[in-house]
Amino acid sequence: MDALELMQARKVYRQKNRVCVLTGAGVSSESGVPTFRGEDGLWRNYNPMELATFEAFKRDPLLVWEWYQWRRQLIRKCEPNPSHRAIFQMENDKEHFLLITQNVDGLHKRAGSSKVVEIHGNIWDVKCITCDHVFTMDHDFENLPPVCDDCGSFLRPNVVWFGETIPRESLEKSMDALSSCDLLIVAGTSGYVQPAASFAQIALRNRATVIEVNIEKTPNAALVDHFFVGKSGEILPSLIAEQ
Ligand code: BV8
Ligand code: ZN
């Protein structure tokens, strides 16, 4: 990591006071949560991109639920890592702050973050596919697929699947923050999934400074003001350190 560039980025961080952060699966990887595209991202040779769809759920609700139950059991044993804690510290440092996360694991909230938009939903919440009743169910289900007590229909994970739209309120809050922030920090996302993949361009268009952190180059790497190659669990804490 270039020490001079880190000093410059630290200075930028200290100067700005309308900060927005966008995270992806990479910030949870150091907690042991598999990423979507990493070599550990696959599950029983299935492609997450094919399982995380309403079509897959309609076709085989049991298979999709087995995948989510497996992820819930795995995530339950994971703890927030220094990436999550540094981002919580940013929320305390800055008067205007919003975290937009693509992650459904809930680790940002477990680290203390409260100004969070979970644009892809949360794996601990479930929703009835008929009466839309949403509630948190953070223990394992006896029987899969679980059914709604009120109407008997299947319950689904309350996450946004591929081909489904981001909830309007989440999108509006995200757009407001991206168009009014003076600093956007992007960490741990491969930058393929829309609409999150376009968030950096929106911030750049609104003349915000953009800092990106990833263990490898991403499609936005050439566009941002500072790109740091490395683990978010190491770079984010040093970015917000006083000296
Ligand atoms: C939408 C919830 C309007 C589920 C997720 C054709 C038909 C239908 C839709 C589309 C289409 N073509 C395009 C689309 C749009 C589609 C899309 O973007 N597809 C792409 C992939 C081609 N998007 C949608 O459907 C979205 N809705 O657009 O609505 C619409 C509707 C219909 C038709 C058109 C438009 C909804 C997308 C939401 C999908 N749901 N999650 C669940 O989790 O079970 S997305 C899923 O991928 C996760 O949330 C994950 O976070 C996310 C994105 O991936 P990343 O977070 O970036 O994770 P990834 O593994 O890819 O990368 C990890 C990165 O971390 C890597 O870069 C790695 O280098 C880095 N890293 C690893 N370790 C570290 C690290 N970095 C730093 N430190 C480390 N230690
Ligand atoms: Zn119901």
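Start at 1 and go down the list; that is how both ligands and their atoms are numbered.
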Side-chain touch Gln8/His226, heavy atoms, less than 4.5 angstrom: yes
Near the Zn ion (ligand 2) (cut-off under 2.8 Å), count of protein N, O or S atoms: 4
Polar atom proximity, Trp161 to ligand 1 (N or O, under 3.5 Å): no
Nitrogen or oxygen of Val193 less than 3.5 angstrom from that of ligand 1: no
Cluster link Leu171 to Val193, ILVMFWY, side chain under 4.5 Å: no
Closest protein heavy atom (residue, atom, distance) for atom 73 (N) of ligand 1: Ser29 OG, 3.0 Å
Pairing residues for Arg156 by the salt bridge (charged side-chain N to carboxylate O under 4.0 Å, His left out) criterion, not counting sequence neighbours: Glu164
Interfacing atoms of ligand 1 (cut-off 4.0 Å, heavy-atom, Gly24): 56 (O)
Atom 31 (C) of ligand 1 [closest protein heavy-atom partner, distance rounded to 0.1 Å]: Gly163 O, 3.6 Å
Salt-bridge present (Glu55, Arg59; N to O < 4.0 Å): no
Within-cut-off N or O pair, Asn214 and ligand 1, under 3.5 Å: yes
Polar contact flag for Val160 and ligand 1 (N/O pairs, less than 3.5 Å): yes
Protein heavy atom under 4.0 Å of atom 34 (C) of ligand 1: no
ILVMFWY cluster, Trp70 and Leu63 together (side-chain gap under 4.5 Å): yes
Sub-4.0 Å protein heavy atom next to atom 6 (C) of ligand 1: no
Residue from Ile240, Thr101, Leu236 passing side chain to side chain contact (heavy atoms under 4.5 Å, CB included) with Ile87: Leu236
Compile the donor-acceptor pairs under 3.5 Å between side chains in residues 178-191 and protein atoms, sequence neighbours left out, one pair per line.
| unit_1 | atom_1 | unit_2 | atom_2 | d |
| --- | --- | --- | --- | --- |
| Ser179 | OG | Met175 | O | 2.7 |
| Ser179 | OG | Asp176 | O | 3.1 |
| Ser180 | OG | Asp176 | O | 2.8 |
| Asp182 | OD1 | Arg18 | N | 3.0 |
| Asp182 | OD2 | Asn17 | N | 3.4 |
| Thr189 | OG1 | Gln102 | NE2 | 2.8 |
| Thr189 | OG1 | Gly191 | N | 3.4 |

NZ/NE/NH1/NH2 to OD/OE distance under 4.0 Å, Arg71 and Asp105: no
Pairing of Lys109 and Glu118 as salt bridge, 4.0 angstrom limit: yes
Non-hydrogen protein atom less than 4.0 angstrom from atom 2 (C) of ligand 1: yes
4.0 Å heavy-atom contact, Gly230 with ligand 1: yes
Using atom types as modelled, flag every donor-acceptor pair under 3.5 Å from a side chain in residues 142-152 to any protein atom, sequence neighbours excluded.
| unit_1 | atom_1 | unit_2 | atom_2 | d |
| --- | --- | --- | --- | --- |
| Asp150 | OD2 | His133 | ND1 | 3.0 |

Heavy-atom protein neighbour under 4.0 angstrom from atom 64 (C) of ligand 1: yes
Validation row, ring centre Trp65 to ring centre Phe141 under 6.0 Å: yes
Any N/O pair Thr218/ligand 1 closer than 3.5 Å: no
Any N/O pair Ala25/ligand 1 closer than 3.5 Å: yes
Protein heavy atom at shortest distance from atom 61 (O) of ligand 1: Arg37 NH1, 2.2 Å
contact_flag Ile215 ligand 1 heavy-atom lt 4.0 Å: yes
Side chains of Leu99 and His108 in contact at under 4.5 Å (non-hydrogen atoms): yes
Phe57 side chain reached by Leu51 side chain, heavy atoms, under 4.5 Å: no
Gly188 N/O under 3.5 Å from ligand 1 N/O: yes
Per-atom contact, atom 70 (C) of ligand 1, protein heavy atoms, under 4.0 angstrom: yes
Polar proximity ligand 1 side, Lys231 side, N/O cut 3.5 Å exclusive: no
Identity and distance of the protein heavy atom lying nearest atom 60 (O) of ligand 1: Phe36 N, 2.7 Å
